[in-house]
Each structure stands twice: as structure tokens, then as C-alpha cells.
There are 2 protein chains.
Amino acid sequence: MAEQQRPGRRPTMSDVAKQAGVSRALVSLIFRNAPGASEQTRERVFEVAREIGYRPDTAARTLASSRTKTLGVLLTIRNPFHADLVEACYAEADRLGFDIVLSTTVPTRDEERAIDALLGHRCEALILFGPKASAAYLTQLGREYPVVSISRRVPDAPLDVVHTAEAKGVRQAVDYLVGEGHRDIIHIDGGTGPGSAERKRAYRAAMRKHGLADHGRVIPGNHTEDSGVHAAEVLLAEDALPTAVLAANDRCALGLLGALHKAGVKVPQEVSVVGYDDSRVAMLSHIGLTTVHQNADELGRLAVRAAVERTETPAMPGRELVLDPELRVRGTSGPPR
Amino acid sequence: MAEQQRPGRRPTMSDVAKQAGVSRALVSLIFRNAPGASEQTRERVFEVAREIGYRPDTAARTLASSRTKTLGVLLTIRNPFHADLVEACYAEADRLGFDIVLSTTVPTRDEERAIDALLGHRCEALILFGPKASAAYLTQLGREYPVVSISRRVPDAPLDVVHTAEAKGVRQAVDYLVGEGHRDIIHIDGGTGPGSAERKRAYRAAMRKHGLADHGRVIPGNHTEDSGVHAAEVLLAEDALPTAVLAANDRCALGLLGALHKAGVKVPQEVSVVGYDDSRVAMLSHIGLTTVHQNADELGRLAVRAAVERTETPAMPGRELVLDPELRVRGTSGPPR
DNA sequence: GCGCTCTACTAGCGCGCTCTAGCACCGACG
DNA sequence: CGTCGGTGCTAGAGCGCGCTAGTAGAGCGC
């Protein structure tokens, strides 16, 4: 980075070539780390490039090359678990020589728009973190591009899904709570969130198994803090609280905890709260959240590998990679009063 | 989105043009929303595009046009406050007709690399969330591109800075704690984190103002949860705890809270904890964190506006936009024992 | 008939790069 | 001596689009 104050224009490969006294093609070759240039020339070219402040233009690169070596990642920036996943994806993509482009949903920007942005960047494959789009849309997307979904299952679609065995995690949580002596265990549903349907089903099954079908109850919700707050309001408006709540995910659990605390309800003395995800925040929060651990590092790693494999064998039928979850008991749960 | 199963190739503008029986130029014009096409043709072109699954290629667009209408945002995906800022930036960028490209630092990817990625995408301006790079680097960057920094001040550099009045926020926090009766108030420093130097200075000044210079103490740290955990270890190894801790930011405060809790220290009874940022999580966490509120919506909005203005008037000298912070007293603070 | 304007459209260059084909030169080998 | 393979380099087409300069045709006034 230095003088280089050409009026407006940013330096291009030709500038570097001219300055270094070689052809543009050779500079290209050197910047691509391709063999065929002497060590001496290589160094000189890099030196000149640094001097005039040359930076390769991704757009031009993308346009000219068939492979962009880029993966598109769709996430929800608010979701702390997604942050864990992103870190894992970067690490693995680096290893495989792939770049990553991020696109997030925010309240003013829906999934389709965020995905369009990724495709506009010519990503070779898409990795979607818990997508909420319709199955039809995702199926069609999978037909046109290599797609990997984390957590969200899309039956019979031509895309790979990486997720944890939801049912197993829920069963562990319910078994644990029942073991502690709980009977009134309610579940806050994740709505259309990824894995929610499976979790709800597993919750019902587990309650039935323990002969607690009558005590089971599902409050509708979603995967945000708000739904936890809302569930708390619903519960507080009633005569008696349940002794334990299995939240849709960690964010929902945090919202619930906050609202319960505000209302003076003691956790875990009066109510036990269990989350789902084990995002790193859960571990760190003031009173560590009891939650079902999903291995983000492994999920991200597998997703990237699957995505890259799909770029090489596009027509592969959909695969499902399932990891085992694991209950992490911390401070927000215990025996009922 | 439909059949369109051309072998490998994705449809281009020419495909749309051919199919619709018009020239490529007209299709281009229509997709750019430029005037000069009849309503009838416009609709037919869109119809055909949808049918064959055409998506404009961002790379080609970028390459061909002088303006990319894109802003690059550098963030740390782990930082919940950054999530708040991202949402605000998207909203404002949308309003001004700009796109946003995100690039995050992760443990395996440093700031310079993340910034290079943004510049490779030909962003017209960069918005850096609390950059930690050297002043020299940022100054040079500001000379070459329109740059806006949030929170991190870079004296005399040709870039805009949007931040809150750090000193004022810290003063409010210290005044409040002293008012509650605290005397042993320590500060966990944010190290090279944005605003840290100012906060430390303001902390010292405020303590002096209250005649508590002797009670002041700064523990080195940074802007992650780890530094809070570490500070807790340092404090717990000593004879007596302070009665209040002013953390570097919310993440640091959360780490501290977690570690104190693990050690059986009661908050706020034994120790009061105050954060900084007021990221939405702070509000939601189990016991709401007392913290210094920064208006993320406004910070993001101003940053985007400044960035766009800079793309239009590149040579502007550096400006500083300062917002007022505001102490939010919640559950982690109170009078000392 | 003429020239004029306005609308609706088209031709074709060039953005900065990748990549295939090919060229000049070298030493080695038969 | 001619040929071969390897090394280090270059020429030039073309990726998908934006955009400038243009054209064809309709409508209109004189």
C-alpha cells in the first residue's frame, strides 16, 4: 500500500505488468499461485503490486473463471449459535481453499432476498443455517444449485442436511427432568424453526413414555427471545406455573429467563429451564443455561465438506448427516420444589 | 424459477433477450429499471426471465459499471452489539439504494484479510465496526477509500468516526455507583478495543473527581467474554473483592458474571457489575445487565449516511459524529453490602 | 413533400480478469 | 547434428454485463 494516487482508477493487473516489465498473463498466473513463473519474477511482481497498491478484483475474477471457489452462507445475524457455526465454516473452508460470502436475514430483508444476493455472487454452493423458506422453494433451489441445510430437514429434496438427532436430545432432556422429579414439564414450540417439528414430536413421545401425557403441554413460539418472553407472560397469567420448561432453543430460553426473573420467579427453585443449541453464550450467561448441546464445530465442518462435495458431483441425491446431541446440565435446572 | 436445465450454464441476459425476441441491451435496460422500454415489453421480459430462472450476475454488473452501489461492513460475528449495528445498517442502506456485503473476523481470519475481501468486491465505502488495526493502516486505508469507523477513533485520519461520548457514559456509571455508596470500583480495561482508552481515562478522571483515586484500579482485558472470566480469576485470588466492577463492554461483563456465579459470589449483593454497549442480549439476559446504552440504530444509520456521503465527496477531511450514551440500571447493580 | 421531435429499441465496446494455445530458449540424449 | 521435454513466458479470446452512440419509425406542423 503506497503512493499510487492515479486519478480515481484503482490499479489493475496491467498496471502491475507494465511496471514489472512482464505480461499481464504472467501476473495473473502469479496471483493465482499457478506454477510456471520463476521465483525471482514472482517476488518482483508481488513487490510491484504492493508498491502501487494493487488488489485483485473479485468481480473480474469471478466473471472470468468457471470456478469461483466461493461458498455462500445464509444466516441470521442475531442468532448466537449461527456465530459458532460461521466460525467453524470459515475454518473448514480455509482448509479446502474456499472463500465464504455471508448473507444475513434481518427484519427488513427476507431469506429469498438474502439467497439471491449469494447467487448473484456466483457462489458454487449454498449453506443455509436453519432456513425457514418453503420446502417447495428449497427443493427447487436444490435442483438448480448445490445446497446444504443445517438443522432444517427437507424431505426428499435434492440437498444435503446436516443436523443433530433432535429426538434424542429432547428425550435426554425430558428423561433428565423426570429423573429429577418433574412431572409438569411444558414445551415452548419453535414454530417453523428448524428441527422444531421433530422436537415437538419427541417431546410428546417422551412424556408419553413416562406416563405423563396428561401433563404435557405445548406453547406456540419461535426461535427468538421474544417467544420466551411471550411464553412467560402466558404462564404467569395462569394459576400455577409448571415446574419445568423445555424451550425451543437457547434464545427462547434466555427470553424466558429474563421475563421470569423480572416477575420474581426463581430459577431453578420454582421453575427449571432447559434450552437447545448450547451456543457459546448459553455457557457464559450469568447463570449457565442447562441446554442440549449441538456440536457447532462439527456441524459447520460437515456442512462445508458436503457443500464442496456437491460442487463436484452436483446431481447427488439428498443426504442426511446426523450428529448426536448431548444434554449439558448447568445452573437453570434442578429438582422441583 | 422453473425447468431451465441447460447443461451447467446458468441463463444470461442474452438467453432472456433471445427468448423474448428483443436485444440484450433492452433487457439490460429493463433490469436496471432505466426508462426507455414500453410497459408491455418490460413485463414480457420479466416473465421470460422468471421462466428460465435468470438471475443477474453481480460480478458482471460490478465489473461493467463504475458504481457498484455496495457498502462493505467489517464486523466480529461473535459480538452481539455488532448484530444490532448490522440490522441498523441494512435498514438505512436499503433506504439509500445501497447493497451491503459483510465480512467478519474470526479467530482464523484477521481484519486485514476481511477488509481485503470487501475491497475485492469493489465496495464503494467501508464501514468498520470497532476496528483494531493500527492507526497507520487505517489512515492509509482512509486515503484510498471512503471509510467510516464505528466506535474506534483514529485521530487525524481521513475517515469518519461515529461513536458515543465514551467519557460521558463512564462518568454516568461511576457517578451512579458512587451515589449508591460504592468506593472500591475497579475497571476492566478493553485493551486495544474501540473506545477503551477513552473509557479508561474517563474512569480515572471520575474516580479522581470523587476523591477515590486511591481506590481506582484497572485490570487489563479486552472486549471478549474471556477477559471477564480472567478478571474474575484475578479478583477471586485476592483477599477482598471490590464492591463494583465497570467492565470493558457487555461481553466482558457477561464473562465476569458467569465466573463470579460459578465461584458463588452474589451479584449485585456482593459485587455490582456494569457493562457497556447495551447490546440487545444484555437486556434479555437472565438478570438484566446494568450497562451504558449506545444507540445502535442511530450509530448504524449515521455510519451508512456518512459512508454514502463519502463516496460522493471522497476527499472530505475526517469527521466525528458523537452520540450521547445513557446509563441503564438493571439487575446487576445496587448498593454495596 | 420536408424537417423536426419523441419513443422504442439495437450495435458494440470495454470493465479486469482467467485460461488455452503457443512460442522461445535451454540442456540432454541418441 | 537434430529432436525432445521442460521451463518461463506471451497473445488473445471471452466471461456477463453497463452504457454510449446510434437507428427506425411514428406523429406533427408547415
task = Quickly work out the B:Glu39 CD to C:dA8 C1' distance and round it to whole Å.
result = 13 Å
query = Any side-chain N or O of B:Thr41 less than 4.0 Å from the OP1 or OP2 oxygen of C:dC9?
reply = yes
task = Over all heavy atoms of both residues, which pair between B:Gly300 and B:Leu85 is shortest? Give the atoms and the distance, please.
result = N-CD2, 4.1 Å
message = Whole angstroms only, please: what is the CD1-P distance between B:Ile30 and D:dG18?
response = 12 Å
ask   = Would you say the side chain of A:Arg24 and the base of C:dT18 hold a donor-acceptor pair, judged only by whether the two atoms sit under 3.5 Å apart?
value = yes
request  = Would you sort out whether A:Phe129 and A:Phe81 count as a side chain to side chain contact (heavy atoms under 4.5 Å, CB included), showing the intermediate values?
outcome  = CA-CA 10 Å; A:Phe129 292 179; A:Phe81 187 60; over 6 Å; no
ask   = Which residue lies toward the 5' end of DNA chain D, A:Ser23 or A:Ala64, if each is placed at its nearest nucleotide?
value = A:Ser23
request  = Describe the nucleic acid contact of A:Pro35 in one word from base, sugar-phosphate, nothing, applying a heavy-atom distance below 4.0 Å.
outcome  = nothing
message = Once you apply a heavy-atom cut-off of 4.0 Å, does B:Ala25 come out as touching a base, just sugar-phosphate, or nothing?
response = base
task = Give the rounded distance in Å between these two atoms: NE2 of B:His121 and P of C:dC17.
result = 14 Å
remark   = note: B:Asn33, atom CG; D:dC17, atom P; distance rounded to Å ~ 16 Å
ask   = In whole Å, what is the span from the CZ atom of B:Arg67 to the C1' atom of C:dC15?
value = 17 Å
query = Charged N to carboxylate O under 4.0 angstrom, B:Arg319 versus B:Glu309?
reply = yes
query = Is any side-chain heavy atom of B:Leu141 closer than 4.5 Å to a side-chain heavy atom of B:Leu159?
reply = no
key: Integer-rounded Å distance: D:dA21 P and B:Leu26 CG   = 19 Å
message = Taking the minimum atom-to-atom distance to the side chain of B:Leu63, which one of C:dC17, D:dC17, C:dC15 wins?
response = C:dC15
message = Let's see if you can work this out: which of D:dG18, C:dC17, C:dT10 has an atom nearest to the side-chain heavy atoms of B:Arg32?
response = D:dG18
inquiry  = Rounded to whole Å, please give me the gap between CG in A:Leu29 and P in D:dT7.
reply    = 14 Å
query = Between D:dG18 atom P and B:Phe31 atom CZ, what is the distance in whole Å?
reply = 10 Å
query = Has A:Ser38 got a side-chain N or O lying under 4.0 Å from the OP1 or OP2 atom of D:dC9?
reply = yes
ask   = Under 4.0 Å between a Lys/Arg side-chain N and an Asp/Glu carboxylate O for B:Arg61 and B:Asp99?
value = no
request  = Please give the nucleotide sitting opposite D:dT20 as a Watson-Crick or G-U wobble pair, both distances under 3.5 Å, or none.
outcome  = C:dA11
query = Heavy atoms, side chains only, cut-off 4.5 Å: are A:Arg310 and A:Asp160 in contact?
reply = yes
Along DNA chain C (nearest heavy atom to each residue), the more 5'-positioned of B:Ser65 and B:Ala37 = B:Ala37
request  = Searching all strands shown, indicate the nucleotide that pairs with D:dG29 (Watson-Crick or G-U wobble; both distances under 3.5 Å).
outcome  = C:dC2
message = From the set C:dT18, D:dG8, D:dG18, return the single nucleotide nearest to any side-chain atom of B:Ser28.
response = D:dG18
message = Can you tell me if B:Arg61 touches the phosphate of D:dC17, counting only side-chain N or O atoms and a distance under 4.0 Å to OP1 or OP2?
response = no
